[in-house]
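What follows is one structure encoded as structure tokens, with my remarks underneath.
Note that the numbering runs from 1 along the sequence shown for the chain. Model, not experiment: these values are computed from the prediction.
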Amino acid sequence: MAALSKSIPHNCYEIGHTWHPSCGVSFVQITRGALEESLKIYAPLYLIAAILRKRKLDYYLHKLLPEILQSASFLTANGALFMAFFCILRKILGKFYSWSPGFGAALPASYVAILIERKSRRGLLTIYMANLVLLFCITAAMYMFFFRCKDGLKGFTFSALRFIVGKEEIPTHSYSPEAAYAKVEQKTEKHEEKPRGTNIIALVRKLVDSVCKHGPRHRCCKHYEDNCISYCIKGFIRMFSVGYLIQCCLRIPSAFRHLFTQPSRLLSLFYNKENFQLGAFLGSFVSIYKGTSCFLRWVRNLDDELHAIIAGFLAGVSMMFYKSTTISMYLASKLVETMYFKGIEAGKVPYFPHADTIIYSISTAICFQAAVMEVQTLRPSYWKFLLRLTKGRFAVMNRKVLDVFGTGASKHFQDFIPKLDPRYTIVTPELPIEFS
């Protein structure tokens, strides 16, 4: 543990922005780089979300760009304000303490930054100690249970799950299974009356129809046009395609950047392993969930919301194909938020104003403290994200000086010594090692 009372007299140039002695210039450079990366992250993310949610033209014309800019501004502010408070805190305190270059600078920066973001996106963040796949299984089980319950989920979460697993798994229908089945039969007869061509598409469609019509389907199942087997297979193919296309779209900016210098890299846009991993994750999640739901309906001879807990938990095993801490923790945090607000509505838990903002600020500040003082304890994916957001400048901090606090700050930076201008330093800088 670092001693909180220890301090070092170095200025912010000697430790933080070692690439330039000016605090103002360094702040501008961080801001510019963070804004560029933030736009690269949020622009395709919001565009894909708008397409999946089937937004109307008015959204694309008037709301898409402002929402992208607002979220990009939040992420930019998080990085840029950290540098600003890093320098401000040094000028106020006159020296650096073990907590000030990381937690101290990040806490106010994160708090101000999260206020820029839309309130609907300020999810509760938690510090966790759990197995990744198990956490996702539990989260998926609870999400699917709330999805099946009346008024269990609302807004984007409900719409997203309805898109992923299909409206057939929603238990609230205004007509009986028998009546709906009769309507499907009438619809099928009308289609059969229409002449079809003998092309390949018509033959494939005929083959698919024949597979879907023949086979077992329980009377409680609401996928009236398919049997249970084809229902699961179709769900897998549909969401595998969605996952594959999403990953392809996310890789488009980096692929076209090398269009003229390395044309062969365009092939990786379609044949990258991550494309298939995301597709396998989404496809298997849907097919396992639907298959388990159908199986339970056959075994118990009824359609019960409790089936969603078992089906959702088993479907969570699909995380093995695409192990993402980001997805798992985001969904878990949103689940905590959902359950918290349901508790407030039921009068079971008290309401704490700005709880999401405070928790986000503290959680982010802890991560920044680790990124400055103990990089070895930070998740590699988050460290790479910080490097991307700051254009690699987070790695050029003078961590050898911070070793005095006993956290092993320079453990992964033993060979790095910044080239500092002695005119702007307080302590005589150590000379960089020259390699012959």
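Not a single donor-acceptor pair under 3.5 Å links the side chain of Lys391 to the backbone N or O of Ile30. Panel note: side chain Arg90, backbone His10; a donor-acceptor pair is recorded below 3.5 Å. Checking side-chain atoms of Glu305 against main-chain N and O of Phe145 turns up no donor-acceptor pair under 3.5 Å. Remark: the backbone N or O of Ser230 is paired with a side-chain donor or acceptor of Asn227 at under 3.5 angstrom. In this structure, the side chain of Gln369 engages the main chain of Ser98 through a donor-acceptor pair within 3.5 Å. Here the side chain of Ser284 pairs a donor or acceptor atom with the backbone of Phe281 at under 3.5 angstrom.
Taking each heavy atom of Leu378 and Cys367 in turn, the nearest pair found is CD1-O, 3.7 Å.
Counting only N and O atoms by type, the side chains of Ser410 and Asp403 include a donor and acceptor under 3.5 Å apart.
Judged by a 6.0 Å distance limit and a 45° cone about the ring axis, Lys6 is not positioned over the six-membered ring of Phe405.
For Arg32 and Glu36, the salt-bridge test fails: no basic side-chain N is under 4.0 Å from an acidic carboxylate O. Between Lys411 and Glu374 there is no salt bridge, since none of the side-chain N atoms of the basic residue sits less than 4.0 Å from a carboxylate O of the acidic one.
Remark: aromatic rings of Phe96 and Phe86 are close, center separation under 6.0 Å.
Within 6.0 Å of the CZ atom in Phe413, the count of heavy atoms belonging to other residues, nucleotides or ligands exceeds 12. Counted within 6.0 Å of CD1 on Ile229, heavy atoms from surrounding residues, nucleotides or ligands total 12 or fewer; the atom is thus considered open.
For the atom pair OG1 of Thr18 and CZ of Arg399, the computed distance is 9.5 Å after rounding to the nearest 0.5 Å. Annotation: the span from Ile358 atom CD1 to Tyr111 atom OH amounts to 6.5 Å, rounded to 0.5 Å.
Under the 30°/60° scheme for interplanar angles, the aromatic rings of Tyr13 and His17 are found to be tilted.
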Please determine whether side-chain contact (heavy atoms from CB on, under 4.5 Å) holds for the pair Met239 and Val242, giving the CA-CA distance in whole Å, both sets of side-chain angles, and the decisive distance to 0.1 Å.
CA-CA 5 Å; Met239 289 313 300; Val242 170; 4.1 Å; yes

